[in-house]
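Reviewing the structure listed below.
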Amino acid sequence: MARKAQPAGGYATGKDVAQRAGVSTITVSRVFNPAWEGKIRPETVERVRQVAQELNYRPNGVARSLVNRRTNIIAVVIGQSAGFFYSEILTDLVRRIQKSGRQALVFSLDLYDDVARILEQVAQHRVDAVVVTSSALRTDVMRPLEDMGMPVILFKRSAEQTNISGIWCDERQGALLAADCLLRTGCRQIGIVAHPHGGTGRAQAFAEELARQNITPVQTVWGDYSYESGQQAARKLLTDHRLDAIFCEEDTMAMACLDIAREEFGLRVPDDLAIIGFDNNTAAALPAYNITTVAHPIVDMLDALMEAIEQVTCDPHTPVRRQFEMSLLERSTTK
């Protein structure tokens with residue numbers, strides 16, 4: 001079929017497509033809205049898209065946002081010390097946001113960034129909602145988030161003590177699972193690798209559970225969730241102490257501890273040393289590592305996050321809060 005002439009005056013509009021296809025402008029809008037996929041008769045979709053191709057029509061997102069007072073943009077704030085776990089989540093989250101007919105605008109919040117400056121950049125884009133991951137959070141971030149004047153959803157961080165939305169796991173419960181795993185297999189000389197600014201409460205809950213069993217952690221060493229910091233932490237712990245277990249607040253650091261224990265100290269894992277991580281990232285499950293870890297129900301949490309985005313964009317004054325339980329995945333680094 002020969003391409004028909006484009007309407008005079010430049011770009012084709014939804015009205016032009018509607019007139020030529022014999023449908024309403026609302027139908028044209030819905031054909032190009034992913035949220036309506038599968039809800040319009042296939043022959044109508046085919047006819048509208050054929051006419052749109054002939055007229056070289058592209059939906060005008062700016063015009064649509066002026067009509068409904070939404071930009072269809074969701075800001076995602078993530079910290080630089082995110083590791084494998086957050087990289088995987090970010091990829092899936094962006095895909096889900098795009099599939100919903102919106103766009104994701106990603107901001108990176110470093111540990112030493114001016115929080116107010118980053119949040120001001122977010123606000124300038126007039127986004128419909130802001131998703132903030134726990135890796136981006138420090139204690140001085142919470143108040144500016146509550147004062148942003150737009151819907152904010154914390155992901156993997158409790159929102160119970162705030163007036164904003166949140167999707168999170170009971171990470172203290174997850175840390176108790178890790179402690180129980182080591183204690184019931186006879187471990188008593190236990191070191192901890194934790195993030196000094198993590199704010200997750202994992203290491204504290206783990207140490208409290210040991211104390212309940214009259215056991216004191218041998219030492220807590222700091223790491224920033226990177227592989228390099230995990231290596232340094234393992235060297236310090238294993239040089240200074242004779243341990244039978246290490247609990248890491250994050251899987252990447254646990255992977256580093258495993259490598260150092262085997263390659264530099266000649267230890268057999270788990271016979272000489274047990275290692276437990278946290279988060280269940282893909283790399284930690286590889287056969288070379290196969291690390292015992294504490295897992296989030298990520299699919300369910302992302303489903304809940306997308307539902308929360310829908311709800312807060314319709315009703316920004318009613319916070320959405322969902323808490324999930326964690327599970328222990330026992331693999332080859334524990335007995």
Side-chain angles (χ1 to χ4, degrees), residues 78-91 111 134-135 156 171 174-175 177-198 200 202-203 206-207 210 217-296 298 326-335:
I78 191 164
Q80 286 190 349
S81 60
F84 290 110
F85 181 73
Y86 281 100
S87 297
E88 294 165 2
I89 287 179
L90 181 61
T91 299
L111 180 62
S134 65
S135 68
K156 276 190 78 274
E171 298 204 342
L177 293 176
D180 177 69
C181 175
L182 294 179
L183 293 174
R184 62 181 164 78
T185 55
C187 297
R188 296 295 181 268
Q189 299 298 310
I190 304 171
I192 298 175
V193 183
H195 195 304
H197 305 289
T200 62
R202 299 171 180 177
F206 181 85
L210 295 189
V218 173
Q219 185 178 6
T220 297
V221 179
W222 304 124
D224 62 5
Y225 292 2
S226 69
Y227 183 84
E228 291 74 18
S229 70
Q231 288 180 307
Q232 295 172 7
R235 289 189 182 105
K236 180 168 182 55
L237 285 171
L238 296 175
T239 298
D240 296 347
H241 309 283
R242 185 177 179 84
L243 302 178
D244 53 26
I246 297 177
F247 168 68
C248 296
E249 275 197 331
E250 190 273 340
D251 283 336
T252 304
M253 297 191 297
M255 292 160 58
C257 287
L258 177 59
D259 285 340
I260 293 299
R262 286 172 171 170
E263 296 170 9
E264 296 187 12
F265 289 83
L267 297 175
R268 298 169 301 161
V269 178
D271 295 334
D272 300 325
L273 179 73
I275 296 175
I276 289 187
F278 214 101
D279 283 339
N280 188 33
N281 73 45
T282 301
L286 293 173
Y289 292 104
N290 203 31
I291 289 176
T292 295
T293 188
V294 181
H296 306 76
I298 288 300
M326 306 196 74
S327 59
L328 180 71
L329 300 181
E330 297 190 60
R331 297 179 179 140
S332 64
T333 59
T334 53
K335 297 178 182 178

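- Taking 4.5 Å as the limit, every side-chain heavy atom of Ile89 sits out of range of all side-chain heavy atoms of Ile78.
- Atoms CG and CG, on Asn290 and Leu329 in that order, are 10.0 Å from each other to the nearest 0.5 Å.
- Side chain of Asp251 to main chain of Ala284: no donor-acceptor pair is present (N/O by atom type, distance under 3.5 Å, no hydrogens or angles).
- The side-chain heavy atoms of Tyr227 and Asp259, taken from C-beta on, include a pair separated by under 4.5 Å.
- When all heavy atoms of Ala283 and Met255 are compared, the pair lying nearest together is CB-CE, 3.7 Å.
- Between the side chain of Gln189 and the main chain of Arg242, no donor-acceptor pair closer than 3.5 Å is present.
- Atom OG1 of Thr293 sits about 12.0 Å away from atom CD1 of Ile275, to the nearest 0.5 Å.
- Atom CZ of residue Arg202 and atom CG of residue Asp279 lie 4.5 Å apart, to the nearest 0.5 angstrom.
- Salt bridge status for Lys156 with Glu250: absent, with no side-chain N to carboxylate O gap under 4.0 Å.
- Side-chain contact check for Arg188 versus Leu182: every heavy-atom pair is 4.5 Å or farther apart.
- Nearest heavy-atom pair, Val269 versus Ala261, reported as atom, atom and distance to 0.1 Å: CG2-CB, 4.4 Å.
- We find the CG-CD1 distance between Leu273 and Ile246 to be 5.0 Å, quoted to the nearest 0.5 Å.
- Listed by chain and residue number, Asp224, Ser226 satisfy the side chain to side chain donor-acceptor pair (under 3.5 Å) test with Ser229 (two or more places apart in sequence, or in another chain).
- Distance alone, capped at 3.5 Å, places no donor-acceptor pair between the Asp244 side chain and the Cys187 backbone.
- Looking at every heavy atom in both residues, Tyr225 comes nearest to Thr252 through O-CB, 3.6 Å.
- Among the candidates Arg331, Glu88, His296, the single residue satisfying the side-chain hydrogen bond (donor to acceptor under 3.5 Å, both in side chains) test with Asn280 is Arg331.
- Under the 3.5 Å distance criterion, the side-chain polar atoms of Thr333 are matched with a main-chain donor or acceptor of Thr292.
- Listed here is the closest heavy atom pair of Trp222 and Ala233: O-CB, 4.5 Å.
- The aromatic rings of Phe206 and Phe247 sit parallel, their planes meeting at an angle under 30°, below the 60° perpendicular limit.
- Judged by distance alone, with hydrogens and angles left aside, the side-chain atoms of Thr185 form no donor-acceptor pair with the main-chain N or O of Lys335 at under 3.5 Å.
- When all heavy atoms of Gly230 and Cys257 are compared, the closest pair comes out as O-SG, 3.9 Å.
- Checking each of Glu263, Glu264, Glu228 against Arg235 for a salt bridge (charged side-chain N to carboxylate O under 4.0 Å, His left out) leaves exactly one that passes, namely Glu264.
- Across all their heavy atoms, Ala194 and Thr220 have their closest contact at CB-CG2, 4.2 Å.
- Within the model, atoms CD1 of Ile190 and CG of Leu237 stand 12.0 Å from one another, a figure rounded to the nearest 0.5 Å.
- The OG atom of Ser332 sits 7.5 Å away from the CG atom of Leu258 when rounded to the nearest 0.5 Å.
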